[in-house]
Amino acid sequence: MATEFHNLQELRHSASLANKVFIQRDYSEGTTCKFQTKFPSELESRIERTLFEDTVKTLNNYYAEAEKIGGQSYLEGCLACATAYLIFLCMETRYEKVLKKIAKYIQEQNEKIYAPRGLLITDPIERGMRVIEISIYEDRGSSGSSSGSSSVSGSTAR
Amino acid sequence: MKNCEYQQIDPQALPTPTPTPPPHHGNDTEKKKEPRRPRRKWEVFPGKNRFYCNGRIIVARQSGVLPLTLGLILVTSGLFFIFDCPFLVKHLTSCIPVIGGVLFVFVLITLLQTSFTDPGILPRATPDEAADIEKQIDNTGNTSYRPPPRTKEVLINQQVVKLKYCFTCKMFRPPRTSHCSLCDNCVERFDHHCPWVGNCVGKRNYRFFYTFIVSLSFLTAFIFGCVTTHLALRAQGGKGLVFALQESPGSAVELVICFFSVWSILGLSGFHTYLVASNLTTNEDIKGSWSGKSGEDVTNPYSHKNIFINCCSVLCAPMPPSLIDRRGFLPADESAQTGSADIELPTLAAKSEINVCTQGTKGLLESAALSPLLSTSCPQGKPQNAHSCPETSPALNSDPTSEFSKGCRGNHTSSSHDDTSRPRHTKARSKKCRREALHIPNPAFDVPVSPTSPDAAPDSKARSHKGGSLTPLH
């Protein structure tokens, strides 16, 4: 986390936040957590399509693993019920373990792939698992690119 | 001249629970450099919830009849252990207090877990997200009236589902999510708001709620059976029931309480068992979302078509995490910015007629207005909460059927307290937001209050109204 913050600080000092892209949830399979893999047009000039899709697909796989209903989750559920769910106070749930893996994965992706391209992924858990927020930064020295716009919020009049 | 205005700040107008020290002379136009106590996110949570133990425990603002529920359970169980157990241990078996004890502990623990757990509250959209969504929605640009309800259709397992836009939380609600007006939060897999436990029942605490009502029905039936046996044994030998009741007066109280509650609680357990087996929520059942009332061929897209799998997915699925991160710390720049804004805004509002003040702080005010913290706290101050979203009507009338009379019918009465019972700090925040709106009209947050949904009027009296005709928008 410290390195990501460091990168983020570097980005913020040397670059200005130009735009944010939001990858919405894909509800085609129900309420399980899954994000759309459609490549947003704002990122076309910034990152290769395959890299982006890989990231989103891996995140989707992680979430599917966290929410998987199978033999192990049944046993855990029955055991929890038998103890009046008090074990939730003591034990870290499977979901929380996977969330930690996801946080590490996102940090790693940011460091290796996204920050060098002036992009930053925000962990979906910080946005209520609704969106994957990708911040697009512009270098202060260069002029704004086609995807950039200086105002971030309230830019309804485009 | 400008010193006197800043000294007259009313500390009660500041929303922070720990009042910041009043500013010193003349240093107010600069940002405060004093180190602030880092604040946790629960302290600025925009919904109507209360937090205890530094954010570990969350309850709805109105505790409903939770004290009554606890009182009834404790009194009945206490009387059982005092009056009935000694007799039954002597005449029958000593297993009885053991079984009773286990059930009692189970009931109490699951009740407290249902009441104090985050039911699956969705945090409100950040301003950037809200702006992005606004861009994607076709807007006629006329903001003088409330725009038509925004919906988005998605295909879930080959079934068309409409997602509604929540004006309070500024996002399209995920499927099965509903906005509870009592708590002013969007809750995932919203079942109903239960006044008996004083909290919403949603994705994260449904299993606790279900275990609670099932174990409570066992406990009530068990106590009822034991008391009947006790009185029957005492009345043996021609002594009569009156004699037995005189000897053990506590049993009479238990008998009355258990007799009246066992039917409703058993009924409620049966109803929820049906819901679990078909992977439905009370909200969906009431509204008739998947019963094909509109004549179309609709099926429940979330059901796994197998009772066992449905039960397991509802009760044994991995426990999802809380999305609101109550005990996380606010980012330092946000809390500092809020702090300066807190001090500047009341001053500005109080002395707006004095030009000397306004010119100096207008720049800070504009930057503070863009602060995400202020913007997310704005909507709750507005009276639109009472009419926020049409879904709240089914939420209020969650168990209208008379056979489940005990279960959650009373919540429509507590909704009338919505507008009256606001604590001090939300009042201050709403004052602040209205004043801010005077200087910087921001169309995104000036959503008019008027309820356009025609069901806003009938929902208060439509207690036993089935959901089909109640909400024509669905």
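Because the structure is predicted, anything quoted here is derived from the model rather than measured.
For chain A, no part of B:R189 is nearby; none of its heavy atoms comes within less than 4.5 Å. Only the backbone of B:L155 comes within contact range of chain A, judged by heavy atoms closer than 4.5 Å. Looking at B:Q113, only its side chain comes within 4.5 Å of chain A, counting heavy atoms on both sides. Using a 4.5 Å cut-off between heavy atoms, B:T211 contacts chain A through its side chain alone, with no backbone atom that close. Heavy atoms closer than 4.5 Å to chain B are found in the side chain of A:T93, but not in its backbone. Contact annotation for B:L163: only side-chain heavy atoms (C-beta onward) come within less than 4.5 Å of a heavy atom of chain A. For B:P174, the parts sitting under 4.5 Å from any heavy atom of chain A are the backbone and the side chain alike. For a residue to count as touching a neighbouring chain, one of its non-hydrogen atoms must lie under 4.5 Å from one of that chain's; by this rule A:E76 does not touch chain B.
Nearest heavy-atom pair, A:T31 versus B:P175, reported as atom, atom and distance to 0.1 Å: CG2-O, 3.7 Å. Smallest separation of non-hydrogen atoms from A:L99 and B:P321: CD1-CG, 3.5 Å. In terms of heavy-atom proximity, A:Y95 sits nearest to B:P320 at CD1-CA, 3.9 Å. Minimum heavy-atom separation, A:G128 to B:P123: CA-CG, 3.6 Å.
Here A:R130 contributes atom CZ and B:R124 contributes atom CZ; the two are 11.0 Å apart, rounded to the nearest 0.5 Å. In this structure, OG on B:S313 lies 7.5 Å from OH on A:Y74, to the nearest 0.5 angstrom. Distance CZ/A:R127 to CG/B:D128: 7.5 Å, rounded to 0.5 Å. The line from CD of A:Q24 to NZ of B:K152 is 5.0 Å long, rounded to the nearest 0.5 Å.
Each of A:C78, A:G70, A:A80, A:S28 has some count of heavy-atom pairs under 4.5 Å with chain B, and the biggest count is that of A:S28. Options A:V21, A:I69, A:V131 differ in how many heavy-atom pairs under 4.5 Å they form with chain B, and the most are formed by A:V131. With chain B as partner, the option from A:I125, A:D26, A:L86, A:L89 having the largest number of non-hydrogen pairs under 4.5 angstrom is A:L86. Residue with the most contacts toward chain A among B:M171, B:R207, B:R176: B:R207 (heavy-atom pairs, distance under 4.5 Å).
Counting only heavy atoms from C-beta outward, the side chains of A:E29 and B:I156 never approach each other to under 4.5 Å. Taking 4.5 Å as the limit, every side-chain heavy atom of B:T117 sits out of range of all side-chain heavy atoms of A:F88. Taking 4.5 Å as the limit, every side-chain heavy atom of B:L315 sits out of range of all side-chain heavy atoms of A:C81.
Crowding of B:K305 atom NZ: a count of heavy atoms from other residues, nucleotides or ligands under 6.0 Å exceeding 12. With a 6.0 Å radius and a threshold of 12 heavy atoms from other residues, nucleotides or ligands, B:F218 has its CZ atom at or below the threshold. A 6.0 Å sphere centred on CD of A:E92 holds more than 12 heavy atoms belonging to other residues, nucleotides or ligands. By the 6.0 Å contact criterion, CD1 on B:I307 is open, its count of non-hydrogen atoms from other residues, nucleotides or ligands being 12 or less.
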Assess the residue pair B:D132 and A:K20 against the criterion (side-chain contact (heavy atoms from CB on, under 4.5 Å)); give the C-alpha distance rounded to whole Å, side-chain angles, the decisive distance to 0.1 Å, and a yes or no. CA-CA 9 Å; B:D132 190 64; A:K20 284 189 187 181; over 6 Å; no
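Considering B:F106, B:F212, B:F208 in turn, B:F208 is the only one that fulfils the ring pair (Phe, Tyr, Trp, His ring centres under 6.0 Å) rule with A:Y85.
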